[in-house]
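Scroll down for the structure; my scribbles are underneath it.
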Amino acid sequence: MTYAAITGWGKCMPSAVLSNADLSTFIDTNDEWITSRTGMKERRISHVSASEMAVVAAKRALACAGLDAKDVDLIVYGSCSNDEQVPNSASGVQAAIGATKAASMDVNTACTSFLYSLSIATAMIRTGVVKNAIVIGVEWISPFMDWDNRNVAVLFGDGCAAVVVQATEKQEGVLGEQLGCIADARQTLRVRGMGTLYTNRNVTSGVTEWDFDGQEIFKRAVQGMVQASQAVMQKCGVTPDDIDLVVPHQANMRIIDAVVSRSGIPMEKVMLTVERYGNMSAATVPVALAEALEEGRVKPGALVLMPAFGAGLTVCAHLVRWGDRVTPLAESDAALPPVTKSALQMVQDIRATKTAGREQSTKGLHEPVFIEQR
Ligand SMILES: CC(C)(COP(=O)(O)OP(=O)(O)OC[C@H]1O[C@@H](n2cnc3c(N)ncnc32)[C@H](O)[C@@H]1OP(=O)(O)O)[C@@H](O)C(=O)NCCC(=O)NCCS
């Protein structure tokens, strides 16, 4: 039987750091509130586009796997912050890394996009459609963040990581997954101002506002991730004691705490990045996975549980059996260009652009009729 092993990994984190203290210079918030309610201390702000981060991460993952870009059959780009609507971002990565024979697709399930993309690549490998795939989780949220809304502005950051997935006869890679969507809660997280629904509504490009019901998302996220984790463990015939490491989506330290304690897994088995990076949406799980490998927390043959949720509200949990190799075969020298501005300055520039855009837009125009209202 064919399986789909994860053989390469690479992250690409922008270097500019936005601290809680930086946030409190322009919104009514403070380090104590953010730390106690979310576990976050800082997040990164990217000076380059999502696809530029993705190219660096993909090159690092390829070097790690010892795979030539020309041998890649598939690129799946998981993100909700694409450079453009058309053409897709995966094709841009294909061109930049020279993966000339790779089929290239974008997948958007918000914060679960990396894991849904991993399911797609795994299924295509296991059914023999492709042999070698790159799966990317990337987000450049800062340009469409609602920076003057303290309910959301403190929670998110930018980042990227990629993995290489390859056909193998050994029982490795995704052993099983549970995917789902709690669509009756889709209105709890919505970015207004992006998408064709805003056509003819005088929304100036880039002026985005967020609908966000944090408490409802919190509740649904915990329920959804616990149920998905239990379902995938049951499907694969494993118990919480069999799990060696949990690499969860990192939207809030309290959510992670609730999910693992209700799943019967001790916190010592959980990989955490939330304090340093906040919620990077689709990039969160692969960055945490890459750092767990860098820190030697993934042992040969380890069983890794990866639960996540995102806007939609999409939920999922994946069980991955790691292979023998937990170190890179080689390292790429790919790197981002140097950053010339502070994270705070970049955020202030975005805020200034949005303010100018808002002044051009007529009030009350972010009101299209959404599908669930028809
Ligand atoms: C957003 C979240 C951190 C809020 O935590 P909470 O404990 O539910 O906080 P509440 O919403 O009850 O807000 C409590 C108070 O803090 C205030 N507050 C909100 N954001 C604040 C901030 N950044 N700084 C200071 N105060 C803030 C609120 O206005 C509220 O004040 P009030 O009591 O005077 O009305 C939490 O609900 C959460 O993590 N939700 C899910 C995260 C998520 O959805 N992530 C994205 C999806 S992947």
Side-chain angles (χ1 to χ4, degrees), residues 18-43 78-81 107-116 137-142 144-159 179-192 208-226 228 247-260 272-275 277-288 306-317 347 351:
L18 187 75
S19 67
N20 290 348
D22 290 332
L23 284 161
S24 65
T25 62
F26 63 90
I27 44 175
D28 181 15
T29 190
N30 55 74
D31 177 55
E32 199 284 320
W33 192 96
I34 303 171
T35 308
S36 62
R37 299 293 178 118
T38 71
M40 297 170 191
K41 285 279 184 197
E42 51 189 48
R43 64 289 296 143
S79 183
C80 58
S81 44
V107 170
N108 175 7
T109 57
C111 300
T112 58
S113 300
F114 169 77
L115 288 170
Y116 271 61
V138 59
E139 238 40 278
W140 191 28
I141 297 172
S142 53
F144 64 92
M145 176 43 66
D146 194 347
W147 284 109
D148 291 301
N149 177 355
R150 69 176 183 174
N151 294 317
V152 288
V154 303
L155 300 176
F156 292 87
D158 302 330
L179 307 176
C181 181
I182 312 163
D184 68 315
R186 71 192 298 272
Q187 78 291 347
T188 57
L189 177 44
R190 162 168 279 132
V191 178
R192 290 173 179 261
T208 43
E209 292 171 358
W210 290 43
D211 290 354
F212 184 77
D213 182 348
Q215 286 187 356
E216 187 62 17
I217 300 170
F218 193 114
K219 214 168 57 193
R220 303 286 197 124
V222 172
Q223 279 167 359
M225 285 199 286
V226 170
V247 181
H249 180 51
Q250 324 243 339
N252 186 319
M253 186 62 207
R254 288 154 53 215
I255 293 179
I256 298 172
D257 227 340
V259 169
V260 293
L272 295 172
T273 59
V274 64
E275 184 178 337
Y277 299 145
N279 179 356
M280 299 176 286
S281 181
T284 306
V285 168
V287 168
M306 303 193 281
F309 75 100
L313 294 174
T314 56
V315 290
C316 61
V347 169
R351 289 181 69 231

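In listed order, ligands and their atoms are each counted from 1. No experiment lies behind these values; they were computed from the predicted model shown.
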Identify the closest protein heavy atom to [atom]: which residue and atom is it, and at what distance?
atom: atom 16 (O) of ligand 1; answer: Trp33 NE1, 3.1 Å
atom: atom 31 (O) of ligand 1; answer: Arg150 NH2, 4.3 Å
atom: atom 6 (P) of ligand 1; answer: Arg37 NH1, 3.5 Å
atom: atom 1 (C) of ligand 1; answer: Phe212 CE2, 3.7 Å
atom: atom 19 (C) of ligand 1; answer: Asn151 OD1, 3.2 Å
atom: atom 39 (O) of ligand 1; answer: Asn252 ND2, 2.6 Å
atom: atom 10 (P) of ligand 1; answer: Gln215 NE2, 3.5 Å
atom: atom 44 (O) of ligand 1; answer: Ile217 CG2, 3.1 Å

Is a side-chain N or O of [X] found less than 3.5 angstrom from the main chain of [Y], in a donor-acceptor match?
X: Glu139; Y: Cys80; result: yes
X: Ser79; Y: Val138; result: yes
X: Ser113; Y: Ala110; result: yes

If we set the cut-off at 4.0 Å for heavy atoms, which region of [X] has an atom near ligand 1: side chain, backbone, both, or neither?
X: Val154; result: side chain
X: Ile34; result: neither
X: Leu189; result: side chain
X: Phe156; result: side chain

| query | Knowing that exactly one of Thr284, Asn279, Val285 qualifies, which makes a side-chain contact (heavy atoms from CB on, under 4.5 Å) with Cys111? | reply |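 It is Asn279, the one option of Thr284, Asn279, Val285 that forms the side-chain contact (heavy atoms from CB on, under 4.5 Å) with Cys111.
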
| message | Looking at every heavy atom in both Asn20 and Thr35, which two are closest together, and how far apart are they? | response |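 Shortest heavy-atom contact: ND2-OG1, 3.6 Å.
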
Which atoms from ligand 1 have a heavy atom of [X] less than 4.0 Å away?
X: Thr38; value: 3 (C)
X: Asn279; value: 45 (N), 46 (C), 48 (S)
X: Arg254; value: 5 (O), 7 (O)
X: Cys111; value: 48 (S)

4.0 Å protein heavy-atom contact status of [atom], strictly under:
atom: atom 8 (O) of ligand 1; value: yes
atom: atom 25 (C) of ligand 1; value: yes
atom: atom 12 (O) of ligand 1; value: yes

| query | Between Asp184 and Arg220, is there a salt bridge with N-O shorter than 4.0 Å? | reply | yes

| With the threshold set at 4.0 Å, does a side-chain nitrogen-carboxylate oxygen contact exist between Asp158 and Arg43? | no

| note | Sequence neighbours excluded, the answer for salt bridge (charged side-chain N to carboxylate O under 4.0 Å, His left out) partners of Arg150 is Asp28

| said: For Arg37, give me all partners under salt bridge (charged side-chain N to carboxylate O under 4.0 Å, His left out), at least two apart in sequence or on another chain. | reply: none

| task | Looking only at distances, please establish whether an N/O atom of ligand 1 is found under 3.5 Å from an N/O atom of His249. | result |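 No, since none of the N or O atoms of His249 sits under 3.5 Å from an N or O of ligand 1.
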
| query | Does one side chain, of Asp22 or Ser19, offer a donor that lies under 3.5 Å from an acceptor on the other? | reply | yes

| field | Short side-chain donor-acceptor distance under 3.5 Å, Thr109 and Thr314 | value | no

| Which word best sums up how the rings of Trp210 and Phe144 line up, parallel for under 30°, tilted for 30 to 60°, or perpendicular for over 60°? | parallel

